[in-house]
Amino acid sequence: MMRNVLPILTVVAVLLGVWLLAVVPMNIHLAADQAQRDGVAVVPDTPAARQEVGAVALAVRNPDVMASTYTLERPALPGPQQVVGELWRTTVAVRPSSKQSLIYHGWVTLSATLLGFAIGTTLGIVLAVGIVFSRTMDLSVMPWAIASQTIPILALAPMIIVIMGSLGIQGLLPKAIISAYLSFFPVVVGMVKGLRSPDAMQLDLLRTYHASPLQGLWKLRFPASLPYLFASLKIGISAALVGAIVGELPTGARAGFGARMLVGDQYGQPLVTWAALFAAAITAAVLVGIFAMLERWSARRMGAAA
Amino acid sequence: MVDPVISATAVDLTFRTNDGPVHALKDVNLNIAKGDFVSFIGPSGCGKTTFLRCIAGLETPTGGTLTVNDMSPEEARRARAYGYVFQAAGLYPWRTIGGNVKLPLEIMGFSKADQAERVKRVLDLVDLAGFENKFPWQLSGGMQQRASIARALAFDADILLMDEPFGALDEIVRDHLNEQLLALWARTGKTIGFVTHSIPEAVYLSTRIVVMSPRPGRITDVIESTLPRERPLEIRDSPEFIAIAHRVREGLRAGHGDE
């Protein structure tokens, strides 16, 4: 356990360090403007003149202003402690039912994610079985599955929302469809590889038993494909979350992580955007973590060396 | 002579490849009687494995007639007339040893009680009693191969086809398994087709040794063993054993000579 944690903590510490260092030059011009408005003497003394000065030089010439780069209300880059504070304020400090609460918004996004992931995974497994058993499907479906992933989801998402909206379908389902669209692909690719992983000898053995194709699927191909399936599920679940968030962006959705990011952007509240971003990242990490645990559990059940 | 269990008359098999046709088997004639232990020996490419796969209905000859239990090999395969042991044990890593032996029984629809009883019996037969709940990775290579033999025996087919089953094992383990296989054959009276490239193994095990040679794959000699059915390992030092081994070696050399 410690072996895994230490490298991760090291990377986190390095990232935090870079972030903390970057806050000063990123915000120094804003901080200088603010300080001047508050009546503090700043050099150079006009915003236009300050634009001519590089960020680091400006910070060096105004050491008193530096500290305030970490506490701006609307920073270009918020400090880590500001993001953590905003996260705390919008999760623990408010009722989960409040429109301010990231738990409320998180659930809105998560429900679409899970529904879309379920649809995508089911579709992916069904397609993979079809592709493995039918040469026609292999030749006809696989190229389309690949082509589907070359269309930028940002271009496709509004069309899906609008078309489904005009059919009277709103809310959860359109977002789930976008999630499914992103998550079915890794499942198809992984499962096709997994279902084809048994070697010729294994397949010959089943022929000597005169096993039916369905028996071959249940007894050999499915169990053999499980490691591939789990790798795909971990990619698929995070893709599904991205899909749900992207689905919230073009419609001006009022709830969900995507909506919070949009609100923060449009109303000049970077902290809201950053908190939503981190909440989404944490959600994705937890989802992937759950599948990693399921993977280990299934590997143990299937006799893997402990 | 009683009706042969396996009968080949003028069997031919040509594979079409990108480099032109490959003559894998040419004019193979052979009868195998019930209870025979027949070894196929020859250099790689001589078609010994291909012939075994033809008997099993895994390949289809392009000429001649081949019958297994008076049926076509394809029908015999559908009737589950034989158990097949491959070069590698090929146990499913996600099933226990018992679960692996149970695999053909599940596929063939044996009742649960019958399955349990048969698993126990064949694991006893290959000396693996008590390993039923172990996973394959917990067993040595020799034990895994024994488990795969148990799997082939589980559904009680009268014919056992073995394709270099001990080829990947070391000499000492191989000796031990050869001894056990003879004992098993004596107890069950099965008809066994056995592919090998080891002369001592072929001579020690077989009632008949079929010597084959490549390009095209064909039979060059069929040697009836004069050894008694009861064979301790020491028999390999007897003059009789050495004489048969010598004849096999001569046959192999002759097959090579006309290239």
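These numbers come from the heavy atoms of this one structure, side chains and all, not from hydrogens, waters or symmetry mates. Each chain gets a letter, A, B and so on, in the order its sequence line appears, and its residues count up from 1.
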query: Between B/Ala150 and B/Val122, what is the shortest heavy-atom contact and its length?
result: O-CG2, 3.7 Å
message: Against the six-membered ring of B/Tyr84, is B/Arg77 placed for a cation-pi contact (under 6.0 Å from the centre, within 45° of the normal)?
response: no
message: Can you tell me which portion of B/Ala88 sits under 4.5 Å from chain A's heavy atoms? Options are side chain, backbone, both or neither.
response: both
Proximity breakdown for B/Pro104 and chain A, heavy-atom pairs closer than 4.5 Å: both
task: Name the option with the most non-hydrogen atom pairs under 4.5 Å to chain A; the candidates are B/Arg151, B/Lys134, B/Gln138.
output: B/Arg151
- request: With a 4.5 angstrom heavy-atom cut-off, could you sort out which part of A/Leu206 is near chain B: side chain, backbone, both or neither?
  value: side chain
message: Take a 6.0 Å sphere around CE of B/Met71 and say whether it holds more than 12 heavy atoms from other residues, nucleotides or ligands.
response: yes
field: Residue A/Lys193 excluded, over 12 heavy atoms near NZ under 6.0 Å
entry: no
